[in-house]
Amino acid sequence: MTPEINKTVDKMKSVKANWDKAPDGPKKDAALKHYQAAEKAHTAKNEAETNKELDAATHALA
């Protein structure tokens with residue numbers, strides 16, 4: 001794996017951990033949609049879209 005992919009995987013783990021700890025509600029629901037989109041983009045090897053969706057998920061949880 002390239003360093004960029006490793007960073008993305010680490011970021012995904014971090015966002016998922018934050019999502020797991022978040023209380024149920026609309027923010028968590030919105031973050032889940034972005035996280036799922038990030039997973040889909042990651043599977044398609046679209047790192048830019050993956051990072052964009054992870055950032056959106058993080059923002060939704062804030």
Side-chain angles (χ1 to χ4, degrees):
M1 279 199 237
T2 66
E4 294 82 26
I5 292 173
N6 286 338
K7 286 181 188 177
T8 301
V9 170
D10 289 343
K11 191 173 184 179
M12 288 183 79
K13 289 177 187 175
S14 175
V15 170
K16 178 71 166 98
N18 288 335
W19 182 85
D20 286 339
K21 290 186 250 176
D24 288 339
K27 287 183 176 186
K28 189 171 184 175
D29 294 341
L32 177 61
K33 290 178 185 174
H34 289 294
Y35 185 79
Q36 289 171 332
E39 287 180 317
K40 191 174 184 179
H42 184 67
T43 300
K45 300 190 184 331
N46 185 341
E47 296 304 307
E49 185 68 18
T50 302
N51 282 305
K52 179 180 142 198
E53 290 295 344
L54 290 173
D55 290 341
T58 300
H59 183 72
L61 289 172

[atom1]-[atom2] distance between [X] and [Y], expressed to the nearest 0.5 angstrom:
X     : Y     : atom1 : atom2 : result
Lys21 : Lys28 : NZ    : NZ    : 11.5 Å
His34 : Lys52 : NE2   : NZ    : 9.5 Å
His42 : Glu39 : NE2   : CD    : 9.0 Å
Trp19 : Leu32 : CH2   : CG    : 5.0 Å

(Q) Quick check: do Ser14 and Asn18 have side-chain heavy atoms less than 4.5 Å from each other? (A)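 Yes, close enough: below the 4.5 Å cut-off.
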Q | Audit row: Lys16, Asp20, salt bridge (Lys or Arg N to Asp or Glu O under 4.0 Å) steps and yes/no | A | CA-CA 6 Å; Lys16 178 71 166 98; Asp20 286 339; 2.8 Å; yes
Q | Results of side chain to side chain contact (heavy atoms under 4.5 Å, CB included) for Asp55 - residues two or more places apart only | A |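 Testing Asp55 for side chain to side chain contact (heavy atoms under 4.5 Å, CB included), a comparison that skips the adjacent residues, returns Lys11.
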Q. Partners of Asn46 by side chain to side chain contact (heavy atoms under 4.5 Å, CB included), sequence neighbours excluded?
A.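 Expected list: Ala41, Ala48, Glu49.
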Q: Just do the side chain to side chain contact (heavy atoms under 4.5 Å, CB included) check on Met12 and Thr50 with the steps written out, would you?
A: CA-CA 9 Å; Met12 288 183 79; Thr50 302; 4.2 Å; yes
(Q) Please check: side-chain N/O of Thr58 versus main-chain N/O of Leu54, any donor-acceptor pairing under 3.5 Å? (A)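 Checking the backbone N and O of Leu54 against the side chain of Thr58, a donor-acceptor pair under 3.5 Å is found.
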